[in-house]
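Here is the structure we will look at.
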Amino acid sequence: TLPCDARVRRAAMAPRRPAKRLVTALCRAFSGRGCQLAPKRGAERRDAAPSRVSRFCPPRKSRHDWIGPPDKYSNLRPIHFYIPENESPLEQKLRELRQETQEWNQQFWADQNLTFHKEKEEFVRSRLKAKGLDLRTASGQKATLNAEEMAEFYKEFLSKNFQKHMYYNRDWYKRNFAITFFMGKVALERIWNKLRPKQKKTSS
């Protein structure tokens with residue numbers, strides 16, 4: 001779950017969910033031997049850094065792409081790509097493009113979620129202070145604002161980040177069009193490599 005409230009999760013983070021599904025779909029569709037889902041590991045996520053995608057490492061003998069546990073900051077599942085020994089230059093180009101896109105996507109949502117949480121806390125603190133209220137209630141629980149008051153923050157946050165999300169969506173689609181293009185080229189290359197031996201046997 002993202003650090004934002006459920007009321008704005010669908011609106012503020014709308015591009016995130018299709019993005020995660022698309023990355024997972026690309027992994028499953030493209031990998032010649034399929035993907036493996038990594039087990040959840042709570043301990044290894046606690047010491048993760050915002051700039052890192054994941055500390056999960058697949059087994060050394062694995063011949064699959066692996067989908068790791070959700071990142072602590074971006075809340076996206078990173079993919080560890082399998083590198084075959086006979087990887088062609090075109091396949092390498094595609095893999096590197098997917099890796100770079102994943103790192104870019106992870107970093108964007110890690111920063112965005114951190115900004116949302118920080119600004120939300122500042123908004124609540126300032127409103128409580130204006131009312132002369134403490135950050136904690138008499139019972140020791142964290143003080144909160146009602147839905148109408150928080151709606152002001154959600155509207156302001158979405159408005160302020162509208163252009164940022166617009167640029168993100170534009171770049172996201174550009175990157176995925178490029179990935180899809182290279183996937184098509186790699187698929188044709190693989191088909192050609194399978195057909196060439198048959199052609200040689202027929203001609204001989």
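Closest non-hydrogen pair, His64 versus Tyr82, comes out as O-CB, 3.2 Å. A pairwise comparison of heavy atoms in Glu91 and Asn86 identifies OE1-O, 4.1 Å as the closest pair. Nearest approach of Gln106 to Asp71, heavy atoms of both residues: OE1-CB, 3.5 Å.
For Phe153, the ring pair (Phe, Tyr, Trp, His ring centres under 6.0 Å) partners two or more places apart in sequence, or in a different chain, are Phe116, Phe123, Phe157. Tyr173 is linked by a side-chain contact (heavy atoms from CB on, under 4.5 Å) to Asn169, Phe177, counting only residues two or more places apart in sequence or in another chain.
Within the model, atoms CZ of Phe108 and CG of Asp171 stand 9.5 Å from one another, a figure rounded to the nearest 0.5 Å. For the atom pair Met183 CE and Asn176 CG, the distance stands at 10.0 Å (nearest 0.5 Å). The structure places NZ of Lys160 at 8.5 Å from OG1 of Thr115, a figure rounded to the nearest 0.5 Å. Atoms CD1 and CD, on Ile179 and Glu100 in that order, are 9.0 Å from each other to the nearest 0.5 Å.
Residues Glu96 and Gln92 have side chains that bring a donor and an acceptor to within less than 3.5 angstrom of each other. No side-chain donor from either of Asn193 and Glu189 sits under 3.5 Å from a side-chain acceptor of the other. Judged purely by distance below 3.5 Å, without hydrogens or angles, the side chains of Tyr168 and Asn105 pair a donor atom with an acceptor atom.
Membership of the apolar cluster around Phe162 extends to Met166, Tyr167, as traced through chained side-chain contacts below 4.5 Å between ILVMFWY residues.
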